[in-house]
Amino acid sequence: MSDFSNKLIEWYELNKRDLPWRNTKDPYKIWLSEIILQQTRVQQGLPYYLAFEEAFPTIQNFANATEEEVLRLWQGLGYYSRARNMHFTAKHISENLSSEFPTNFKDLLKLKGVGNYTAAAIASFAFGEKVATVDGNVYRVLSRIFGIDSPINSTNGIKEFAEVANTLISDTQPDTFNQALMEFGAIHCTPKSPNCLHCPFVQECEARKQNRVGELPVKLKKTKVTDRYFHYLVIEENEKYWIKERKGKGIWQGLYDFPLLESDHKELNLENIDQLTEDLELKTFLQENAPSQISEMYKHILSHQRLHIHFYHYKVDIEKSVSLFSEKDEYSLMDLDNIEKQPKPIIIHNYLNTYFY
DNA sequence: AACACGTGGAA
DNA sequence: TTTCCAAGTGT
């Protein structure tokens, strides 16, 4: 066993956090926790893990749920494809694999939503397979201690870090080694202000020796953020509201929001209705009705988009709106109790909470 | 290979 | 305010 592995595990046993998914070898629970924790901090994911564990104690329970139920529980966590892929995979395992998880890295990798990291996590934590989990923490720790400056999001870098991690991994405790390396990155060798003074690797750390702690790991710059201008139509009719299911590609797939107009600029220019929508009924509606209220602008920041959002309130007679969207199956008229039960983008959820509940 | 895909917390 | 980025995956 390597000196590195011994020191790392020694540190881990002294400093590890007590997290619920660390007390089980159930691949279902480990899968659940790992998907939730993708690109997500423990503090943010923990309540969701507990809620899912309670709602769906077994993978059959998960498989028997509707996608809407799953998305509603997931509401607010972001990256909703994780929830949709989990539901797909739960049904797949329930129906085609006799509700038994695959028991090795190679087969786990075939599951939808399970990539290299998650397959390694389940394989090592649940089944003791010797395969390294290489996540953002691992990139950071290895790049610093061993002075590796290959970009962590380049093809070569990804390959190189995986090789290093799989060289270092403990023969006898691969699961503990993986947990330890990630935990060390998460709470000690942090992105900013790492605790170098009390670091067990302070002597041999290349980044420390070369005074490059702040430069490592190297990451190629990400794509730039685009601005979008959303105008939500909050159309009330007899204490019900028109709600729209988001279908197809793009953000918030499978979630519910309001009928939406999108413009190239901040203002919604009612003289350019033709440019806002193809929908004839909606055009007519906009021409014949004026909003009773227009909200302030909300800025909602996604990883790759800046959304500038206004809400336009309309209160209409039944006769006027009865056929407005009734022939389109992605639209439905719902009361507030029903709307509350639907999965929604967090900005919509917060808006409703502020003005309607 | 490069980009899409959420949200919230920290500095 | 801005920027980074957190237990990544799919296409």
Side-chain angles (χ1 to χ4, degrees), chain A residues 16-17 19-22 29-49 71 74-86 88-89 108-122 124-125 132-141 151-159 161-162 165 175 178-187 189-194 214-215 217-226 228 246 248-255 257 298-307 343-350:
Chain A
K16 66 180 174 186
R17 293 166 292 181
L19 300 171
W21 47 84
R22 287 195 175 143
K29 299 286 183 66
I30 293 166
W31 169 70
L32 189 55
S33 71
E34 293 300 339
I35 303 292
I36 287 174
L37 264 21
Q38 286 170 7
Q39 299 288 282
T40 304
R41 293 169 203 281
V42 166
Q43 188 181 344
Q44 189 187 5
L46 182 54
Y48 287 84
Y49 174 81
L71 283 171
W74 197 271
Q75 177 177 287
L77 238 202
Y79 286 147
Y80 297 94
S81 65
R82 291 183 290 172
R84 296 192 302 270
N85 287 338
M86 281 192 95
F88 178 94
T89 292
L108 286 161
L109 204 47
K110 296 173 185 167
L111 302 175
K112 189 171 287 189
V114 175
N116 276 291
Y117 166 76
T118 305
I122 302 172
S124 64
F125 301 155
T133 51
V134 188
D135 72 340
N137 292 307
V138 174
Y139 287 127
R140 185 170 55 257
V141 173
I152 62 172
N153 52 347
S154 69
T155 304
N156 281 341
I158 291 167
K159 189 177 162 195
F161 280 99
D175 50 349
N178 282 337
Q179 288 281 187
L181 191 49
M182 292 193 288
E183 186 78 339
F184 183 69
I187 66 178
C189 191
T190 47
K192 290 167 186 173
S193 308
E215 301 170 22
V218 174
K219 192 172 182 180
L220 269 26
K221 61 179 184 295
K222 54 188 167 194
T223 56
K224 77 173 201 182
V225 175
T226 59
R228 297 178 71 182
R246 297 185 66 89
K249 301 275 178 208
I251 59 172
W252 302 331
Q253 192 183 326
L255 276 59
D257 57 7
Y298 293 79
K299 189 180 276 191
H300 188 70
I301 311 295
L302 285 61
S303 56
H304 53 306
Q305 298 180 16
R306 269 188 304 267
L307 269 29
K344 299 170 292 296
I346 204 63
I347 179 72
I348 301 294
H349 174 79
N350 290 342

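Labels below follow one simple rule: chain letters A, B, ... track the order of the sequence lines, proteins then strands, and each chain is numbered from 1.
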Side-chain contact test, heavy atoms from C-beta onward, threshold under 4.5 Å: evaluate it for A:Ile251 versus A:Tyr80 and give yes or no. no

Just checking [X]: base, sugar-phosphate only, or nothing, at a heavy-atom cut-off of under 4.0 Å?
X        : result
A:Gly45  : nothing
A:Ile251 : sugar-phosphate
A:Gln305 : sugar-phosphate
A:Ile36  : nothing

Across nucleotides 1-11 of chain C, 5' to 3', mark each nucleotide with B, S or - according to how protein heavy atoms within less than 4.0 Å reach it. ----BBBBSS-

Can you name the residues that form a side chain to side chain donor-acceptor pair (under 3.5 Å) with A:Gln179, not counting sequence neighbours? none

Please measure how far the P atom in C:dT9 lies from the corresponding atom in B:dG8, and state the result in whole Å. 22 Å

Give me the distance, rounded to whole Å, that separates B:dA4 from C:dA7 when you measure between the P atoms they each carry. 23 Å

Donor-acceptor check, side chain of A:Arg140 to backbone of A:Cys189, threshold 3.5 angstrom: yes or no? yes

With [X], which residues qualify under ring-ring contact (aromatic ring centres under 6.0 Å, His included), at least two apart?
X        : answer
A:Tyr79  : none
A:Phe184 : A:Trp11, A:His188, A:Phe201
A:Tyr48  : none

Identify, between A:Thr155 and A:Asn350, the residue whose nearest nucleotide on DNA chain B lies closer to the 5' end. A:Thr155

Outermost DNA chain B nucleotides near chain A [under 4.0 Å, heavy atoms]: B:dA1 to B:dG9

Let me confirm one number: the CG-CG distance from A:Asn153 to A:Leu220, rounded to the nearest 0.5 Å. 5.0 Å

Among A:Thr118, A:Thr89, A:Ile122, A:Asn85, which one satisfies side chain to side chain contact (heavy atoms under 4.5 Å, CB included) with A:Leu111? A:Thr89

